[in-house]
Amino acid sequence: MTTETRPRVLTGKHFMNGDTACAEGAVAAGCDFFAGYPITPSTEVAERLAVRLPEVGGKFIVMEDELGSMAAVLGGAWAGARAMTATSGPGFTLMMENIGLGVMTETPCVVVDVQRGSPSTGLPTLVGQSDIMQAKWGSHGDYQIVAYCPATCQEMFDLTVKAFNTADRYRSPVFVLSDEIVGHMTEGVVIPETDEIEITPVRRPTEPPRDDYPVYRPGPDLVPPMPRAGDGYRMHVTGLTHDERGYPAMDPDTHDELVQRLSRKILEHADEIIEYEEVLVDDAEVVVVAYGSVSRSAREAVQQARARGIKAGLLRPITIWPFMSERIKELDPRVKGFVVPELNLGQVAGEVSRHTSKTVRGVNLAGGELLAPGAIIEAIEEVAG
Amino acid sequence: MIGEKVVASHPEDSLLRADRLPHIWCPGCGLGAITTSYTRALQESDVDRDRHVTVSGIGCTGRVAGYVHVDSFHTTHGRPIPFATGLKIYNPELEVTVISGDGDLFAIGGNHFIHAARRDAPINVFCVNNFNYAMTGGQHGPTSPVGSNSPTTPAGVSDRPFNLPRLALALGANYVARWTSLHVRQLQRSMQQALNTPGFTFIEILSPCPIGYGKSNGIGDGLDEMRHYRDHCVVDDKASIYDMEIDLRADAPVVLGVFRRDGERKKPRD
C-alpha cells in the first residue's frame, strides 16, 4: 500500500470540520504523540491524527480507556513528545485522575474536550457546555488550569496551536474546551505558512546532567526547565508532594510552597494567558458574555439589539480559564448588567457574578441544541430595562 | 543510629539514591532484597543506564522508583503500565520497566495489564505480590487466598484470587516467571532475561508482608515466611498452570520458575 505523505503544515484554504481543524492545528504545532479513546463527538480528532501523525513521524495509539490514555500522554510527554488527547465529558471525567498528576509533575500536554449534553452519558451526539467547571476544578486539589474555548473551526486550529505553546510555556496540561457544534460544523479554515505558525517548545535544562540536578527548581518565571527521560539526569518524578530534587517531602512548608507555585505560575502570567474578543462593548449598557458555539448566536443577538436601539455588546472569552475577572470588574461601573447565555445551568454566569454587583441574567438550556438569538435578545431587553 | 554511615561505600551505591535511605519499608518486608536484585540486573544490563526507566504506581512497591537511581516515575494508582507505554512508544530507545504491587497492577490497574500484554507493549512488568493492600494496612485484594484474614473481610476472603502467571501466559506475554524475595540470584537472572526479551515480559515476585498479611494469617514474621519459601518452593519451568495457585497458610508446594521464554510463542516484535 502506498500512501501520499502530506507535509506537517497543510498551508492553504480548507473547508473542514472543527474536529479536523483541531487535529491539523495539533500537527502544525508539532504534536507528535496522541493517546486516546474514541468518544463522540471528538472522534474525528483521533481519526484524523491516526492518519496524519504517522505521515509526519509522530506516534498514535488508541488505549484501553481514558484512564490509560491520559497516563500514556504524560509518559509520552516525559519521553519528549508534544503530546495530546481528545475526548468528551465521560472521558474527561476519567482523565481527571492523571490530569492531576500532570499538574503536580508539571507535564505539558493538551487535552481537547468536545463537550456534549451531560451529566453522565447524557446526549452523546448533541451539544452541551456543562464541563466548564469540571475543566476548572475536576481533579482533586488546588491548582490553576488554562482552558481555551474555540467558537469557529478556524479557532479550533488556532487555539490548538496556542494550547501547545501555553502547555510548554507553563509546563501544565492545557485544555481546548470545545463543544459538539464547533467540533462538528464545517466552515472555512485558513492554515498559514509554516513559518507563520509560532511554536515555542518547552524549555529544557541547559546544564549538563549531574546526579543531584534539581529537576524542580523553578526559573524566575516560576517554571522549571524540563528534562526528558533518557537525557541522563536520572530524575525522580512523583505525584507526591516533592522538593526541588523531585524527592517526596511530607512537610507542610514544602507542600504549601509547591502548591502555591503551581497556581502562581499561571496566575502571575494571567495577562499573557487571558484573551477575549469584544464587539461594541465600549459604549455598551448591556454586555453579553458568551463563549463557544453560543457566542455565535450572541453576536447576532447583539446586532439585533443594537438595531432596536439598545446599547448591547459582546464580550467573548477566548481563554475561559483563568477567567477574565479584571475585565468584568472594569466594566461593572459602566453597565446596567450582564447577560450570560450558555448551554448549562449557569456555570459562567456564576463566575461573572463573583466580579460584579450588577444584574447577571443567565439564559440557560441544559444542552441538546444551540440557543437561538431570540432568547438572548429578550434577556438583553430585560436587563436594559 | 538511623542514617549513620557504617561503611564508606556499598556496591549498590551508584544505583540507589543513597540520600533517600533508609527506605520506608517495614522490618521483614521483601522489597529491599527485590530492589537489590533489580539494581544488580540493571548493573549487568547491556543497556546504558541512562536509557533505563523505572515506572511504578502507588503502594509499598510503588516506592521502588524513588530509590532506584535511574530516570524514575512514581505515577498514579494502577496507571504505571499505560504511563510506561507512552514513554516507550514515543522513545523506543528507552528500556522501560514497571515495578509495582499486586493491588496496583491487578485490581485498579488490571485492565491496563490485560491490554498491554495483548498488544505486546514492549515493556517489562515486575509485580511484587504480598497478597494484600499493605500500604493501607493489610486489606484483602485480588491475590488474597480464599479464607485468608484481613481487616476488610471479617468472615475471611470469599472471592477467588488471581493466579498471575496463568493470567500472563493466557494473555500471550513473551516471558513469564515467578520467584520470591528469597531467590535473589534466580530473580536477578530472571530480571536480566526479561530485560533482554523484546516485547511484553512479566515476573511475579512473592514477598513477605509480616505486618499486613503474615501476622493476621498465621504465617509469622518475615523470617518465618522466608523459611516457608525455603521449605515449600519448587522450581518447575514446565509446571501446569493449574498447579500455580498459592496459599502460604497451607503445607503445599509453591511453584516457581520461568514458565515461558522468548521465542516460544511467536516472533517477538519491538
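Letters go in sequence order (proteins before strands), and every chain restarts at 1. Owing to the predicted nature of the structure, the values given are computational and were not obtained by experimental measurement.
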Assess whether atom [atom1] of [X] is packed by more than 12 heavy atoms of other residues, nucleotides or ligands within 6.0 Å.
X	atom1	value
A:Glu257	CD	no
B:Arg160	CZ	no
A:Tyr37	OH	no

Quick one: of [options], who has the most non-hydrogen atom pairs under 4.5 Å with chain B?
options	answer
A:Met235, A:Arg234, A:Arg245	A:Arg234
A:Pro227, A:Ala81, A:Ala35	A:Ala81
A:Val215, A:Ile61, A:Asp32, A:Asp212	A:Asp32

task: Select all residues of residues 66-74 of chain A having any heavy atom within less than 4.5 Å of some heavy atom of chain B, and report them by number, or 'none'.
output: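 From residues 66-74 of chain A, the residues near chain B are A:Leu67, A:Gly68, A:Ala71, A:Ala72, A:Leu74.
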query: Which residue out of B:Glu95, B:His115, B:Arg79 racks up the most heavy-atom pairs below 4.5 Å with chain A?
result: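 Counting heavy-atom pairs under 4.5 Å, the top option is B:Arg79.
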- prompt: Do you know which of B:Thr85, B:Leu94, B:Val53 has the most heavy-atom pairs under 4.5 Å to chain A?
  reply: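 Winner by heavy-atom pair count: B:Leu94.
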Rounded to the nearest 0.5 Å, what separation is found between the [atom1] atom of [X] and the [atom2] atom of [Y]?
X	Y	atom1	atom2	result
B:Thr76	A:Asn98	OG1	CG	3.5 Å
A:Asp65	B:His112	CG	NE2	5.0 Å
B:Ile81	A:Met63	CD1	CE	9.5 Å

Where do [X] and [Y] come nearest, in terms of heavy atoms and distance?
X	Y	result
B:Tyr90	A:Gly80	CE2-C, 3.5 Å
B:Asn91	A:Ala79	CB-CB, 4.1 Å
B:Ser72	A:His236	OG-ND1, 2.7 Å

- request: Side-chain contact test, heavy atoms from C-beta onward, threshold under 4.5 Å: evaluate it for B:His74 versus A:Pro248 and give yes or no.
  value: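 No, their side chains stay 4.5 Å or more apart.
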field: Heavy-atom side-chain proximity of A:Thr238 to B:Phe73 below 4.5 angstrom
entry: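 No - every pair of side-chain heavy atoms lies 4.5 Å or more apart.
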task: For side chain to side chain contact (heavy atoms under 4.5 Å, CB included), just list the numbers for A:Trp78 and B:Phe83, CA-CA rounded to whole Å, side-chain angles, deciding distance to a tenth of an Å, and then say yes or no.
output: CA-CA 9 Å; A:Trp78 278 102; B:Phe83 192 102; 3.8 Å; yes
message: Could you check whether any side-chain N or O of B:Asp71 sits under 3.5 Å from a backbone N or O of A:Gly230, counting only pairs where one atom can act as donor and the other as acceptor?
response: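 Such a contact is found between B:Asp71 side chain and A:Gly230 backbone.
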task: Select one option (side chain, backbone, both, neither) describing which atoms of B:Val70 are under 4.5 Å from chain A's heavy atoms.
output: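 Looking at B:Val70, just its backbone touches chain A.
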field: Heavy-atom proximity to chain A below 4.5 Å, by part of B:His52
entry: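 For B:His52, no heavy atom lies under 4.5 Å from chain A.
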Is [X] in contact with chain B via its backbone, its side chain, both, or neither, using a 4.5 Å heavy-atom distance?
X	value
A:Arg228	backbone
A:Ala229	both
A:Asp231	backbone

- request: Using a strict cut-off of less than 4.0 Å between a Lys/Arg side-chain nitrogen and an Asp/Glu carboxylate oxygen, indicate whether A:Glu64 and B:Arg119 qualify as a salt bridge.
  value: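 Salt bridge: yes.
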message: For the residue pair B:Asp19 / A:Tyr247, report whether a side-chain donor-acceptor contact shorter than 3.5 Å exists.
response: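 Yes, side-chain donor-acceptor contact under 3.5 Å.
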